[in-house]
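A quick write-up on the structure given underneath.
Worth knowing before you read on, the calculation uses all heavy atoms, side chains too, and leaves out hydrogens, waters and symmetry mates. All ligand and atom numbering here is 1-based and tracks the order in the structure.
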Amino acid sequence: MAKRYAYLGPEGTFTEAALRALRPDAPEEARVPCEGVAAVFDTVRSGGVDGGVVPLENSVEGSVTATIAQLVNGDPLVITGETSVPVEFALFARPGTTLADVKRVATHPHALAQCRRWLSGHLPDADTHTVSSTAAAARAVAEPGAPYDAAICAVIAGERYGLQALATEIGDRADAATRFIYITRPGELPEPTGSDLTSLVAFIAQDRPGALGDVLDQFTVRGVNLTRLESRPTGDALGDYCFCIDAEGHVSDSRVGEALMGLRRVCRDVRFLGSYPRSARPTELEPRLRPRPTTEADFAEAERWLARLRSGQVD
Ligand SMILES: O=C(O)C(=O)C[C@]1(C(=O)O)C=C[C@@H](O)C=C1
């Protein structure tokens, strides 16, 4: 049966652009728009689709909490791919509307946070309303008797719903980008590519001095670079946190595997969220991320050395 993919819809979201980048050969009917991040996760979990795409983090606004909450607390799904998409915002309204007519602006909370400067400069008195996505805002503005006068959305969404641009490039940061993940039900892992990321959630055993240090040490001593570390409430009690971690490398790399075993020993729980190809190639990475402090070859050589010691040989 042909594969189908859920995404944060409706048509015209940045998430749809991410899905097109991740699955360029998928025909239109393979893309299943969902209203909200939780609905994408549920559709993937229920087996209604093969996988799904959701936003994970934005370079300006940070994490998408709805996605993190599903990854941390929901029934386990794994990440098998990622991509990042530049996010450029525009203000769209029904044809004939002028900027002076705009009193109510709708958009996604992350988009609103990224256009604050432009809004306070150009529409200081407009009321702002948040909806489930930037394209949902554009669609709502296009409806007869719409509750909003304008939407902050991608150009493609404004055009898709027959609106007219009142302003383009209204984001506070022209170089803003959002990172999206491709999620599936647990199954076969993607093959290592030599440029992978491993995502996980570490739940510390007990709040005490050095508890986070113990988690980080598992990576430090094995020369595994972290690309993201975020503390999130577990939801169980006020002040109870877990740590969302992205590390360079694949679970099949010995040192990443050993770091995971180390975490398993020092943490109350570890949720493995997947190993998957990194979207930026190493040549595009900043030099400070390379070279790795130790290589896979160093690791293998140290293992052989230990085996020799254990068998009674001394170098
Ligand atoms: O609303 C959209 O178009 C989305 O794809 C969601 C989303 C997000 O959740 O951050 C994606 C990119 C932008 O930062 C704004 C909104």
Side-chain angles (χ1 to χ4, degrees), residues 5-23 26 31-44 49 51-72 74 79 81-92 105-119 128-143 148 150-161 163 165 167-183 228 230 232 244 246 279:
Y5 311 102
Y7 70 96
L8 172 64
E11 277 173 52
T13 55
F14 291 102
T15 315
E16 188 193 4
L19 171 53
R20 285 170 184 261
L22 284 161
R23 292 290 178 276
R31 294 192 289 267
V32 180
C34 298
E35 297 282 326
V37 164
V40 177
F41 275 83
D42 287 344
T43 310
V44 177
V49 290
V53 178
V54 286
L56 179 67
E57 58 173 334
N58 172 261
S59 59
V60 180
E61 243 323 85
S63 287
V64 178
T65 47
T67 298
I68 305 281
Q70 289 286 336
L71 289 172
V72 171
I79 306 171
E82 66 154 11
T83 190
S84 65
V85 171
V87 286
E88 272 179 29
F89 300 105
L91 186 77
F92 272 86
V105 178
T107 193
H108 183 277
H110 257 216
L112 184 61
Q114 293 175 72
C115 299
R116 287 239 183 261
R117 208 176 315 138
W118 187 92
L119 281 173
T128 52
H129 303 263
T130 55
V131 292
S132 60
S133 71
T134 55
R139 188 183 59 188
V141 168
E143 275 162 14
Y148 317 114
I152 294 175
C153 57
V155 169
I156 188 169
E159 290 171 351
R160 164 77 183 72
Y161 296 102
L163 303 176
T168 54
E169 296 179 26
I170 66 170
D172 296 340
R173 290 285 304 249
D175 54 356
T178 296
R179 179 179 168 213
F180 295 86
I181 49 172
Y182 179 76
I183 47 169
R228 178 166 159 267
E230 191 183 356
R232 298 288 313 164
C244 301
D246 289 350
S279 71

| request: Look at the side chain of Thr168 and the backbone N and O of Ala90, then say whether any donor-acceptor pair between them is shorter than 3.5 Å. | output: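 Checked: no pair found.
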
| query | Is there a donor-acceptor pair closer than 3.5 Å between any side-chain N or O of Asn58 and the backbone N or O of Ala177? | reply |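 Yes.
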
List the closest protein heavy-atom neighbour of [atom]: residue, atom name, distance to the nearest 0.1 Å.
{"atom": "atom 12 (C) of ligand 1", "answer": "Thr178 OG1, 3.4 Å"}
{"atom": "atom 10 (O) of ligand 1", "answer": "His110 ND1, 3.1 Å"}
{"atom": "atom 8 (C) of ligand 1", "answer": "His108 CE1, 3.5 Å"}
{"atom": "atom 1 (O) of ligand 1", "answer": "Thr134 N, 2.7 Å"}
{"atom": "atom 6 (C) of ligand 1", "answer": "Leu8 CD2, 3.7 Å"}

Find all atoms of ligand 1 within a distance of less than 4.0 Å from any non-hydrogen atom belonging to [X], and give their numbers and elements.
{"X": "Pro55", "value": "8 (C), 9 (O)"}
{"X": "Thr15", "value": "4 (C), 5 (O)"}
{"X": "Asn58", "value": "14 (O)"}
{"X": "Val87", "value": "12 (C), 13 (C)"}
{"X": "Thr13", "value": "2 (C), 3 (O), 5 (O)"}

| query | Looking at Leu112, Val141, Ile152, which one forms a side-chain contact (heavy atoms from CB on, under 4.5 Å) with Val105? | reply | Ile152

| Any side-chain donor paired with an acceptor under 3.5 Å for Glu230 and Ser63? | yes

So, taking the atom named [atom1] in [X] and the one named [atom2] in [Y], what distance separates them when rounded to the nearest 0.5 Å?
{"X": "Tyr182", "Y": "Tyr5", "atom1": "OH", "atom2": "OH", "value": "5.0 Å"}
{"X": "Leu56", "Y": "Cys244", "atom1": "CG", "atom2": "SG", "value": "8.5 Å"}
{"X": "Leu71", "Y": "Ile181", "atom1": "CG", "atom2": "CD1", "value": "4.5 Å"}

| message | Could you check whether any heavy atom of Gln114 sits closer than 4.0 Å to an atom of ligand 1, since that is the contact criterion I want to use? | response | yes

| N/O separation below 3.5 Å, Phe14 to ligand 1 | yes

| query | Which bit of Val37 gets closer than 4.0 Å to ligand 1, counting heavy atoms only: side chain, backbone, both or neither? | reply |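 It is neither; nothing of Val37 touches ligand 1.
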
For residues 10-20, run the donor-acceptor check on the side chains, cut-off 3.5 Å, and write out each pair with its distance to 0.1 Å, sequence neighbours left out.
residue: Glu11; atom: OE1; partner: Arg160; partner atom: NE; Å: 2.6
residue: Glu11; atom: OE1; partner: Arg160; partner atom: NH2; Å: 3.3
residue: Thr13; atom: OG1; partner: Leu8; partner atom: O; Å: 2.7
residue: Thr13; atom: OG1; partner: Thr15; partner atom: N; Å: 3.4
residue: Thr13; atom: OG1; partner: Glu16; partner atom: N; Å: 3.0
residue: Glu16; atom: OE1; partner: Gly12; partner atom: N; Å: 2.7
residue: Glu16; atom: OE2; partner: Arg20; partner atom: NE; Å: 3.4
residue: Glu16; atom: OE2; partner: Arg20; partner atom: NH2; Å: 3.1
residue: Glu16; atom: OE2; partner: Arg31; partner atom: NE; Å: 3.4

| Around Arg228, counting heavy atoms of other residues, nucleotides and ligands shown, do more than 12 lie under 6.0 Å from its CZ? |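 Atom CZ in Arg228 is packed in, count exceeds 12.
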
